[in-house]
Protein chains: 2
Amino acid sequence: MIQTKQPRNKEKILEATISVLNGTGYLCLTIEGIAAEAGVGKATIYRWWPTKSHLVLDAFLMVTESAFPFDLNDSIKNNFVEQLKNLADVFSTTLGRSMLAIIVEDKGISDAFYTSYLSLRRNDSAAFLRQAMEREGIEAEVNIDILLDMLFGPIYFRILIYKQTPDERFISELVDHVIAGILPACSGK
Amino acid sequence: MIQTKQPRNKEKILEATISVLNGTGYLCLTIEGIAAEAGVGKATIYRWWPTKSHLVLDAFLMVTESAFPFDLNDSIKNNFVEQLKNLADVFSTTLGRSMLAIIVEDKGISDAFYTSYLSLRRNDSAAFLRQAMEREGIEAEVNIDILLDMLFGPIYFRILIYKQTPDERFISELVDHVIAGILPACSGK
């Protein structure tokens with residue numbers, strides 16, 4: 001939520017959101033419950049967040065804003081294994097799964113999720129990948145956007161459709177396979 | 001729905017489900033509305049399908065059961081471009097999007113979707129890929145499961161999270177990139 005003015009108790013309210021959410025799940029989450037947990041009035045919450053889905057989005061953004069940054073001193077593989085493990089961990093929490101369910105159902109929140117989280121992470125990933133490929137002398141004709149989909153797509157897919165959290169072994173093999181695709185091929189077919 | 005006995009009007013009821021769904025969307029879909037459209041009693045429907053989500057699942061299975069089969073006389077690329085186009089088309093319909101929303105929310109239907117649709121399609125895809133790689137003399141050390149995630153994951157991801165239907169150009173580039181990963185690499189890194 002990009003605003004010049006911020007609610008005075010923003011962090012307390014968002015921490016309360018996560019705490020209550022962990023107890024009730026998203027369906028039974030209520031603004032009343034969050035207000036009680038945070039020790040603020042409902043009016044205070046409604047002033048800044050129109051619905052509980054907006055609170056979940058902001059709680060999600062708060063939790064993920066200090067996530068693992070890219071490290072140009074480390075390999076492409078290690079960087080993306082960390083990023084994907086981080087992503088899998090985040091989306092295996094009640095907060096993360098609630099966020100996914102809301103995104104799938106709600107176009108407005110989905111747009112906000114894209115603007116405030118996904119597009120920023122994609123830009124960081126793309127910038128890192130370009131710099132790392134240049135540094136390692138990889139001159140493959142690749143579509144960075146598609147490469148990122150091949151890395152992130154399976155994680156979202158496994159969590160949303162298979163209802164499984166990809167483990168480190170899966171993630172490591174996935175990154176290996178994607179990277180294999182950007183190394184020059186000996187024989188074209 | 002694998003049963004020895006089938007409802008006499010099964011196809012008519014499922015066609016009615018799709019027809020009403022296209023008009024109302026999933027939220028406002030009702031068994032009453034479907035019964036009226038199909039010209040059957042509600043009791044007939046409830047006897048075979050406990051909820052509207054079960055009707056949507058069966059309608060989805062009916063629509064997708066005669067989907068494009070794999071063709072060993074054609075290239076790996078052409079086969080998967082057709083499969084992914086088919087998948088993207090199916091999930092861009094109201095029926096397909098409703099199916100996705102239900103899968104994300106409902107563990108029971110998600111399990112049924114896996115058993116009746118996803119696992120069968122995965123098995124077909126894996127069998128085709130193994131045979132095709134053998135025929136083309138590709139001996140890459142690949143994890144077929146992960147390759148399939150790299151192909152299908154981005155399609156589900158784009159539809160569910162970006163709310164976009166991948167077009168043929170995207171699909172073609174995606175398949176190219178995945179296939180590039182199973183060709184032998186000249187220089188390892």
Side-chain angles (χ1 to χ4, degrees), chain A residues 26-27 75-77 97 100-107 110-111 113-114 118-119 122 136-138 140-163 166 169-189, chain B residues 26-27 75-77 97 100-107 110-111 113-114 118-119 122 136-138 140-163 166 169-189:
Chain A
Y26 179 71
L27 267 178
S75 66
I76 294 177
K77 172 170 181 174
R97 288 185 187 273
L100 284 177
I102 297 167
I103 293 163
V104 169
E105 286 169 20
D106 184 326
K107 184 68 169 62
S110 162
D111 288 346
F113 174 81
Y114 178 80
L118 192 56
S119 62
R122 293 282 293 208
E136 295 193 24
I138 299 173
E141 285 288 315
V142 293
N143 181 322
I144 300 269
D145 222 18
I146 284 180
L147 272 187
L148 295 179
D149 277 8
M150 285 157 67
L151 286 163
F152 294 109
I155 306 300
Y156 283 91
F157 172 65
R158 288 254 156 194
I159 290 172
L160 280 165
I161 307 293
Y162 276 58
K163 312 277 190 250
R169 182 180 164 176
F170 174 92
I171 288 171
S172 181
E173 280 203 70
L174 170 64
V175 176
D176 280 338
H177 278 71
V178 176
I179 288 177
I182 65 181
L183 298 174
C186 289
S187 53
K189 272 207 192 285
Chain B
Y26 180 70
L27 268 178
S75 66
I76 294 177
K77 172 170 179 174
R97 287 185 187 274
L100 285 177
I102 296 166
I103 293 163
V104 169
E105 286 169 22
D106 185 325
K107 183 70 170 58
S110 163
D111 287 346
F113 174 82
Y114 178 80
L118 192 57
S119 62
R122 293 284 290 209
E136 296 194 23
I138 299 172
E141 285 287 314
V142 293
N143 182 322
I144 299 268
D145 223 19
I146 283 180
L147 271 186
L148 295 179
D149 277 6
M150 284 158 69
L151 286 164
F152 294 110
I155 306 300
Y156 283 90
F157 171 66
R158 289 254 156 194
I159 291 172
L160 279 165
I161 307 292
Y162 276 58
K163 311 277 189 250
R169 185 181 161 175
F170 173 92
I171 288 171
S172 181
E173 281 202 70
L174 170 63
V175 175
D176 280 339
H177 278 70
V178 176
I179 288 176
I182 63 181
L183 298 175
C186 291
S187 54
K189 272 206 190 288

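Because the structure is predicted, anything quoted here is derived from the model rather than measured. Numbered from 1 within each chain, the chains take letters A, B, ... in sequence-line order.
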message: Evaluate B:Asp149 against A:Leu174 for side chain to side chain contact (heavy atoms under 4.5 Å, CB included), listing each step before the verdict.
response: CA-CA 9 Å; B:Asp149 277 6; A:Leu174 170 64; 5.6 Å; no
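- To the nearest 0.5 angstrom, A:His177 atom NE2 is 5.0 Å from B:Leu147 atom CG.
- A:Ile161 contributes atom CD1, which lies 5.5 Å from atom CG of B:Leu100 (distance to the nearest 0.5 angstrom).
- The two atoms that bring B:Val178 and A:Met150 nearest to each other are CG2-CE, 3.9 Å, heavy atoms only.
- Using a 4.5 Å cut-off between heavy atoms, A:Leu118 contacts chain B through its side chain alone, with no backbone atom that close.
- In this structure, no portion of B:Leu151 lies under 4.5 Å from any heavy atom of chain A.
- Summarising the geometry of B:Val104 relative to A:Ala101, their closest heavy-atom pair is CG1-CA, 4.2 Å, with the distance given to 0.1 Å.
- The contact between B:Arg158 and chain A is made entirely by side chain atoms (from C-beta outward), counting heavy-atom distances below 4.5 Å.
- Per-residue counts of heavy-atom pairs under 4.5 Å with chain A were compared for B:Leu27, B:Ile159, B:Asp111, B:Asp145; the largest is that of B:Asp145.
- Residues meeting the ring-ring contact (aromatic ring centres under 6.0 Å, His included) test with B:Tyr156, sequence neighbours left out: A:Phe157, B:Phe91.
- With a 4.5 Å cut-off on non-hydrogen atoms, B:Phe113 touches chain A through its side chain but not through its backbone.
- Taking B:Glu105, B:Arg122, B:Arg97 one by one and counting their heavy-atom pairs under 4.5 Å with chain A, the maximum is reached by B:Arg122.
- In plain terms, the two heavy atoms of A:Ala180 and B:Gly181 that are nearest each other are CB-O, 3.9 Å.
- Evaluation of the side-chain hydrogen bond (donor to acceptor under 3.5 Å, both in side chains) rule for B:Asp176 yields B:Lys77 as partners, not counting sequence neighbours.
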